[in-house]
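Please read through the structure below; I'll follow up with questions.
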Amino acid sequence: MGHNDADMLEVGNNLSDAEARSHFALWAAMKSPLLIGTDLDKLSQSNIDILKNKHLLAFNQDDTVGPPAKPYKWGINPDWTYNSTDPAEFWAGDSKDGVLVLMLNTLGETTSKTAAWSEVPGLDASNHRVTDVWTGDDLGCLGEYKADVVSHDTAAILVAKEPCT
């Protein structure tokens, strides 16, 4: 099986914490090799925490489900279709632990994002248990996930495949 190879991680190289989270989340979701391209002695604790995120590392290294996450809603067009000026902002990928969902904010201001399960590949419109990837918090059983995402940051959640009972 081939793998994406996005070159070298830039976490720790003059990125804001929001940008570092987005960079690492998308890198791990693409299942690209995790080659750290910075002086490890100069990493901040927040950069170390990002690089050690257990949910993103588990997705990247999943030994059961191989394919990377893929975009399911593109850019900022009203109909979420591809456009060449804005990258995909909604990504999802299957794993043995659930469905990883990323909501990227490429804009220069905080924006509200919603992941509706009926739109996410691999999920149905039922309530599903949700875990916040960044904090590890169990967010409970939800029918969708809404977040205010700051500029250049990425909301990242892990959604259980089985509906809540």
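In this text the structure is predicted, and so the values were computed from the model without any measurement. The figures that follow rest on heavy atoms only: side chains count, while hydrogens, waters and symmetry mates do not.
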> Under the 3.5 angstrom rule, does the side chain of Asp132 hit a backbone N or O of Leu139 as a donor-acceptor pair?
Replying inline: no

> Atom CG of Leu100 and atom OG1 of Thr131: how far apart are they, to the nearest 0.5 Å?
Replying inline: 11.0 Å

>> Regarding Ser46 and Asp17, do their side chains bring together a donor and an acceptor under 3.5 Å, going by distance alone?
In response: yes

>> Between Trp117 and Val159, is there a side-chain heavy-atom distance shorter than 4.5 Å?
In response: yes

> So, the side chain of Trp27 versus the backbone of Pro33: is there a donor-acceptor pair under 3.5 Å, distance only?
Replying inline: yes

> Could you give all pairs that pass the salt bridge (Lys or Arg N to Asp or Glu O under 4.0 Å) test and reach residues 98-108, with sequence neighbours left out?
Replying inline: none

> Under 3.5 Å, is there a donor-acceptor pair linking the side chains of Asp97 and Ser95?
Replying inline: no

> Can you tell me how far CZ of Arg21 sits from CG of Leu104, rounded to the nearest 0.5 angstrom?
Replying inline: 12.0 Å

> So with a 6.0 Å cut-off around CG of Asp137, is the heavy-atom count from everything else above 12?
Replying inline: yes

> Rounded to the nearest 0.5 Å, how far does CG of Asp49 lie from OG1 of Thr135?
Replying inline: 12.0 Å

> For Lys31 and Asp62, what are the C-alpha separation, side-chain angles and deciding distance, and is it a salt bridge (charged side-chain N to carboxylate O under 4.0 Å, His left out)?
Replying inline: CA-CA 9 Å; Lys31 297 199 175 183; Asp62 192 319; 5.0 Å; no

> Does Lys161 come within less than 4.0 Å of Asp94, counting only side-chain N to carboxylate O?
Replying inline: yes

> Lys52 and Ile50: side chain to side chain contact (heavy atoms under 4.5 Å, CB included), yes or no, with the steps?
Replying inline: CA-CA 5 Å; Lys52 290 175 68 176; Ile50 290 166; over 6 Å; no

> What's the spacing between Leu56 CG and Leu158 CG if we round to 0.5 Å?
Replying inline: 9.5 Å

Result block: side-chain N/O donor-acceptor pairs under 3.5 angstrom for residues 67-74, not counting sequence neighbours:
residue: Lys73; atom: NZ; partner: Glu119; partner atom: OE1; Å: 3.0
residue: Trp74; atom: NE1; partner: Asn83; partner atom: O; Å: 3.4
residue: Trp74; atom: NE1; partner: Asp86; partner atom: O; Å: 3.1

> Between Thr106 and Pro87, is any pair of side-chain heavy atoms under 4.5 Å apart?
Replying inline: yes

> Is there a side-chain contact between Leu57 and Phe24, using heavy atoms and a 4.5 Å cut-off?
Replying inline: yes

> What pair of heavy atoms forms the shortest contact from Leu123 to Ala160, and how long is it?
Replying inline: CD2-O, 3.8 Å

>> If I compare all heavy atoms of Ala92 with all of Val99, which pair ends up nearest, and what's the gap?
In response: CB-CG1, 4.2 Å

> If you measure from the Lys or Arg side-chain nitrogens to the Asp or Glu carboxylate oxygens, is any gap between Glu144 and Lys146 under 4.0 Å?
Replying inline: yes

>> Under the rule for ring-ring contact (aromatic ring centres under 6.0 Å, His included), what residues qualify as partners of His152, not counting sequence neighbours?
In response: none

> Got a sec, which residues hit side chain to side chain contact (heavy atoms under 4.5 Å, CB included) with Gln61, two or more places apart in sequence or on another chain?
Replying inline: Leu34

> Under a 4.5 Å side-chain heavy-atom rule over Ile, Leu, Val, Met, Phe, Trp and Tyr, are Leu15 and Leu43 clustered together?
Replying inline: no

>> Using only atom types and a distance under 3.5 Å, with no angle test, would you say the side chain of Asn127 pairs donor to acceptor with the backbone of Gly143?
In response: yes

> For Trp134 and Ala25, which heavy atoms make the closest approach, and how far apart are they?
Replying inline: CZ2-CB, 3.9 Å

> Val149 versus Thr154: any side-chain heavy-atom pair under 4.5 Å?
Replying inline: no

> Quick one: CD on Glu19 to OG on Ser151, what's the gap to the nearest 0.5 Å?
Replying inline: 7.5 Å

> With a cut-off of 6.0 Å (strictly less than), are more than 12 heavy atoms of other residues, nucleotides or ligands near CD of Glu162?
Replying inline: no

> Taking all non-hydrogen atoms of both residues, which atom of Asn60 and which atom of Ser32 are closest, and how far apart?
Replying inline: ND2-O, 3.1 Å

>> Holding to salt bridge (charged side-chain N to carboxylate O under 4.0 Å, His left out), I want the full list of residues that pass it with Asp63, two or more places apart in sequence or in another chain.
In response: Lys96

> Any disulfide (SG to SG under 2.5 Å) pairs touching residues 68-105, not counting sequence neighbours?
Replying inline: none

>> In the structure I gave you, are the side-chain heavy atoms of Trp91 and Leu26 within less than 4.5 Å of one another anywhere?
In response: yes

> What is the minimum heavy-atom distance between Val133 and Asn53, and which atoms define it?
Replying inline: O-ND2, 2.9 Å

> Which heavy atom of Ala115 sits nearest a heavy atom of Val101, and at what distance?
Replying inline: CB-CG1, 3.9 Å

>> If I take atom CG from residue Asp148 and atom NZ from residue Lys113, how far apart are they, to the nearest 0.5 angstrom?
In response: 11.0 Å

>> Looking at Val150, is its backbone amide N or carbonyl O close enough to the side chain of Asn105 to form a donor-acceptor pair, meaning the two atoms are under 3.5 Å apart?
In response: yes

